[in-house]
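Sequential numbering from 1 along the given sequence is applied to the chain's residues.
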Amino acid sequence: MTILMPLPRRDFDPTEVCITWTILRAAGHELRFATPDGQRAHADPLMISGQGLDAWGWIPGLRQVRLIGLMLRAQKSAREAYQAIQLDPHFLQPLSYEQAAQAERTGAFDALVLPGGHAKGMREYLEDKVLQALVARFFDQFDAQGRHRPVAAVCHGVLLAARTPSQRTGRSVLWGRKTTALTWKLEKSAWDLTRWWARFWDPLYYRTYFENSGEPAGYWSVEAEVKRALAQASDFLDVPSDAPNAWRKSSGLIRDRLDDDRAAWVVQDGAYVSARWPGDVHTFARQFTTMLARAAPAAH
């Protein structure tokens with residue numbers, strides 16, 4: 001299958017993009033990329049190096065001394081995958097969002113992956129109307145069996161889907177669907193760690209959007225905004241307290257691996273798969289791969 005993965009120009013999460021790319025390519029799928037202007041995308045540099053994530057990270061001579069930075073940056077497998085993806089000509093020469101929308105209308109793509117990231121460069125990806133219209137077409141068009149084309153979204157990628165109005169109903173394309181996304185617990189934990197103990201001079205680094213005066217804490221968190229787009233808040237699924245390995249899944253301290261899904265939390269609803277954060281990505285990509293293997297491409 002040919003799978004489209006839209007990206008922002010900068011600040012995408014390297015784990016969510018590159019591990020997913022690695023696993024889908026290993027399964028025989030072809031990945032195509034799109035950015036706002038058709039120029040290659042760049043990952044959030046702090047997630048690659050870890051430099052600037054410690055309390056002394058603003059001091060040039062001490063930036064390379066990393067403690068918290070080593071914990072918060074992408075794991076080795078993701079950093080290696082980021083090096084590898086830069087040899088992919090489709091990554092180096094992406095389509096523009098406009099070109100991807102035109103190609104989609106000709107049936108160029110069988111499936112869609114929406115990755116995330118939290119730094120401010122993600123905003124253009126989350127707010128682009130051309131991209132939202134493209135996403136809507138994947139959800140709105142059905143084959144003879146009533147299936148839309150497969151869509152996978154993780155972290156802020158779910159937020160992009162939640163913000164996308166259906167061209168049929170005007171409501172979010174996630175209305176009536178079960179989903180997960182970056183939870184407020186995970187988002188706030190990373191935010192608290194960096195604003196109080198690490199990157200204190202840039203306290204909003206881990207918040208893509210922030211509350212205005214008078215708004216409750218977390219109002220513009222991913223979880224809260226996604227919930228507002230759903231038919232009911234209970235359609236947002238977090239780890240149940242009695243789930244196997246519940247602490248491992250919800251602590252934010254442990255990530256899944258290719259051979260170990262105990263820390264992962266992935267939700268599937270029909271041809272739509274969602275996950276919360278980089279710690280779910282191996283399982284997220286494998287589950288999407290399984291879905292693709294079981295279903296013939298839906299008609300465009």
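No cation-pi contact links Arg228 to Phe236, judged by a cut-off of 6.0 Å to the six-membered ring centre and 45° from its axis.
We find that Glu225 and Arg163 are joined by a salt bridge, their nearest charged nitrogen and carboxylate oxygen being less than 4.0 Å apart. Salt bridge annotation for Asp140-Arg168: present, with a cationic side-chain nitrogen under 4.0 angstrom from a carboxylate oxygen.
The same ILVMFWY cluster, assembled from side-chain heavy atoms under 4.5 Å apart, contains both Trp21 and Leu292. Under a hydrophobic clustering in which Ile, Leu, Val, Met, Phe, Trp and Tyr are joined whenever their side-chain heavy atoms come within less than 4.5 Å, directly or via other members, Leu46 and Phe200 fall into different clusters.
Considering only heavy atoms from C-beta on, Asp235 stays 4.5 Å or farther from Thr179 through its side chain. A heavy-atom distance below 4.5 Å is not found between the side chains of Thr20 and Val154. Side-chain contact between Tyr272 and Leu174 is present, with at least one heavy-atom pair separated by less than 4.5 Å. When side chains are defined from C-beta on, Ser221 does not count as touching Lys188, because their heavy atoms never get closer than 4.5 Å. You'll find the side chain of Lys185 stays beyond 4.5 Å of the side chain of Glu223, heavy atoms only.
Judged by distance alone, the side chains of Thr183 and Asp238 never bring a donor and an acceptor atom under 3.5 Å apart. Looking only at atom types and distance, the side chain of His90 has a donor-acceptor partner in the side chain of Arg32 under 3.5 Å away.
Phe12 and Tyr82 have perpendicular rings, their planes meeting at more than 60° on a 0 to 90° scale where under 30° would count as parallel.
Each of Arg195, His118, Arg199 was scored for a side-chain hydrogen bond (donor to acceptor under 3.5 Å, both in side chains) with Tyr205, with one residue passing: His118.
In this structure, Phe109 has its ring center at least 6.0 angstrom away from the ring center of Phe138. Ring pair Phe210/Trp191: centre-to-centre distance below 6.0 Å.
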Checking Tyr125 against Leu114 for the side-chain contact (heavy atoms from CB on, under 4.5 Å) test, could you report, in this order, the C-alpha distance in whole Å, the side-chain angles of both residues, the deciding distance, and whether it holds? CA-CA 10 Å; Tyr125 165 83; Leu114 302 176; 3.7 Å; yes
Applying side-chain contact (heavy atoms from CB on, under 4.5 Å), run through Met71 and Leu193 and close with a yes or a no. CA-CA 11 Å; Met71 178 178 68; Leu193 179 63; 3.6 Å; yes
